[in-house]
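Got a structure for you, questions after.
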Number of protein chains: 2
Amino acid sequence: MAQAGTVDRILDTAEVLFAQKGFAETSLRAITSKAGVNLAAVNYHFGSKESLIQAVFERFLKPFCAHLDNMMSELEAHPAEISLERLLATLSKSALAVQRGEPQRVAIFFRLSGLAYSQAQGHLRRFFREHYGDVFRRFLRLLAVAVPDVPPMEVFWRVHFALGATIFTLSGMDPLRAICRSDFGVEVSPQQVDERLLAFVAGGIRATVSAS
Amino acid sequence: MAQAGTVDRILDTAEVLFAQKGFAETSLRAITSKAGVNLAAVNYHFGSKESLIQAVFERFLKPFCAHLDNMMSELEAHPAEISLERLLATLSKSALAVQRGEPQRVAIFFRLSGLAYSQAQGHLRRFFREHYGDVFRRFLRLLAVAVPDVPPMEVFWRVHFALGATIFTLSGMDPLRAICRSDFGVEVSPQQVDERLLAFVAGGIRATVSAS
DNA sequence: AGCCTCCCGAAACAAACGTTTGAAACGTAT
DNA sequence: ATACGTTTCAAACGTTTGTTTCGGGAGGCT
């Protein structure tokens, strides 16, 4: 990354600053000065700040969805191997596809996802639904196969519950670990948090369906 | 609310606009003009925009915590009645204490909580921990009694997972219901979402603890 | 050479922001 | 009626924002 091109230097810096302070709170000047590029470079290469934000997400989501698509194709070819644990592990593995060398990029990815969700009424929700709605629905169909006892619509809602728990947790991973350390005097690694989260999510998705 | 005082008109308008567009994206001019008060009124009555944001949260959190505190005291007086379902219902009831007539205020409350969490590194996290950390820890202790099979630290993490699922879901309630309607052709009420969420959360908290 | 396209750089732009000011209007008690 | 503390108002302040402009340089092509 030492002497990457201007576009990549902007993206590298923007994703870090966005994750640290939010989109509106991060000015183009903060990005360009830290990236060592001219202020006008953002509008020249990306057109606008909005497009820069979308470009940051695209750089994360493209490898993520590509990896996820591949693994889902494999699973669909061998339907007997489809299970909840297997599907959740697939998500977990696909998330690792975004790190490109630096493991911290996974945390940045989830921080940004959390930010994007809260800013939901803006341009980002449209962007997500347009570009990645198909991948999501495909995953939903596989999941319905994995937990046949849970009706498809119930699966839909529980996936969103699980998504909330995941984004919320991984996006605030470091502060949560700090609280855990100060309240319990125990140091837990991000991997241990992942394990706990997976157990929680699996338990929630498999919960007995209430009669309504 | 027709002719309330300036302070309340500002708070009423601010909480709606903040929930719709976010804190940084909502200008004081937008608030004051919609509220029908002078621009300077915010700085006169609250001191700054940051203080206004905290005042908005305080108006939600004070009745919420008061109600929660009362119900926790009752439960502590009759420890035999402590159960996970009972505790979750306590939270649910306390959330209703913030609506002050208009039911939509509950949704606003959770939207704001979601926003606050994503903007976590700012002044809000300090504000929350200082003012409401005790109530949270008290609830955590009760919960550890309700699920004795789950170690306290595991409970801590699972509460945060559940918090994420809840805030994420309730903060995006309307868009999620719209997706559900278009994808499944079924209209679900917010109450039905609450029921599903409670089942998910209970299942997650009670999940078997993995050996690590 | 000339020309063209792409990229960078410093400067400037208008707009919007949170905040401050000082005077006018208000209600109330003396 | 006068004086006083409180609240409201229009206007302006200085900064910061995203975006645009325009000159110039590097490299490829005819």
Side-chain angles (χ1 to χ4, degrees), chain A residues 1-59 112 115-116 118-119 121-124 126-127, chain B residues 1-59 112 115-116 118-119 121-124 126-127:
Chain A
M1 157 172 159
Q3 264 304 93
T6 303
V7 171
D8 286 316
R9 278 220 303 283
I10 292 176
L11 287 174
D12 290 337
T13 313
E15 69 183 23
V16 172
L17 292 184
F18 282 152
Q20 282 178 351
K21 324 207 328 180
F23 301 118
E25 295 83 356
T26 303
S27 68
L28 294 185
R29 283 169 175 84
I31 297 172
T32 52
S33 72
K34 184 169 183 186
V37 304
N38 190 269
L39 168 61
V42 170
N43 287 281
Y44 177 78
H45 286 287
F46 298 94
S48 68
K49 187 181 181 181
E50 275 199 3
S51 304
L52 169 63
I53 296 175
Q54 295 181 359
V56 166
F57 274 102
E58 203 154 20
R59 209 169 58 143
L112 290 178
L115 283 174
S118 64
Q119 242 101 316
Q121 79 141 11
H123 60 111
L124 276 174
R126 278 191 302 276
F127 177 77
Chain B
M1 156 171 160
Q3 264 302 90
T6 304
V7 170
D8 285 317
R9 278 221 302 282
I10 292 176
L11 287 174
D12 288 338
T13 313
E15 71 183 22
V16 172
L17 291 184
F18 282 151
Q20 281 178 353
K21 325 204 334 179
F23 302 117
E25 294 83 357
T26 302
S27 68
L28 295 186
R29 283 170 173 82
I31 296 173
T32 53
S33 72
K34 185 168 183 188
V37 304
N38 190 269
L39 168 61
V42 170
N43 286 282
Y44 175 78
H45 287 286
F46 298 95
S48 69
K49 188 181 181 180
E50 276 200 2
S51 303
L52 169 63
I53 296 175
Q54 296 182 358
V56 167
F57 274 102
E58 204 154 18
R59 208 168 59 142
L112 290 178
L115 282 173
S118 65
Q119 243 102 318
Q121 79 141 13
H123 59 111
L124 276 173
R126 276 191 304 275
F127 176 77

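Just so it is clear, the values below take in all heavy atoms, side chains as well, and ignore hydrogens, waters and symmetry mates. In what follows, chains carry the letters A, B, and so on, assigned in the order in which the sequence lines appear, proteins first and then strands, with residues in each chain numbered from 1.
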Would you indicate whether the side-chain heavy atoms of B:Arg59 and B:Asp12 approach each other to under 4.5 Å?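 In short, these two side chains touch, coming nearer than 4.5 Å.
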Contact interval (first through last nucleotide) of DNA chain D with protein chain B, 4.0 Å heavy-atom: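 So the contact region on DNA chain D extends D:dT6 to D:dA12.
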What's the spacing between B:Glu15 CD and B:Leu52 CG if we round to 0.5 Å?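 Here the interatomic distance stands at 10.5 Å.
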For B:Leu11 and B:Phe46: C-alpha separation, side-chain torsions, deciding distance, then whether side-chain contact (heavy atoms from CB on, under 4.5 Å) applies. CA-CA 10 Å; B:Leu11 287 174; B:Phe46 298 95; 3.9 Å; yes
Strand-adjacent residues in residues 36-55 of chain A, judged by heavy atoms under 4.0 Å from DNA chain C: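 The answer is A:Asn38, A:Ala40, A:Tyr44, A:His45.
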Could you measure the distance from the CD1 atom of B:Ile31 to the CZ atom of B:Phe18? Nearest 0.5 Å is fine.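 Between atom CD1 of B:Ile31 and atom CZ of B:Phe18 there are 4.0 Å.
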Sort and list the pairs that fulfil side chain to side chain donor-acceptor pair (under 3.5 Å) and have at least one residue in residues 37-50 of chain A, not counting sequence neighbours.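 Qualifying pairs: A:Ser48-A:Ser51.
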Contacting residues from residues 22-32 of chain A, given that a heavy atom lies under 4.0 angstrom of DNA chain D: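 By residue number: A:Thr26, A:Ser27, A:Leu28, A:Arg29.
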Shortest non-hydrogen separation from A:Leu17 to A:Ala30 and the atoms involved: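 In terms of heavy atoms, the two residues are closest at CD1-O, 3.7 Å.
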Shortest non-hydrogen contact from A:Ala116 to A:Leu124?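 Taking A:Ala116 first and A:Leu124 second, the nearest heavy atoms are CB-CD1, 3.8 Å.
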Once ring-ring contact (aromatic ring centres under 6.0 Å, His included) is applied, do any residues pair with B:Phe127, and if so which ones, sequence neighbours excluded?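 Applying ring-ring contact (aromatic ring centres under 6.0 Å, His included) to B:Phe127 gives B:His131.
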Partner residues of B:Val37 under the side chain to side chain contact (heavy atoms under 4.5 Å, CB included) criterion, sequence neighbours left out: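 B:Thr6, B:Arg9, B:Ile10, B:Thr32, B:Ala35, B:Ala41.
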Please find the pair of heavy atoms, one from B:Val56 and one from B:Ala14, that lie closest to each other, and give the distance.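 Nearest pair, atom of B:Val56 first, then B:Ala14: CG2-CB, 4.1 Å.
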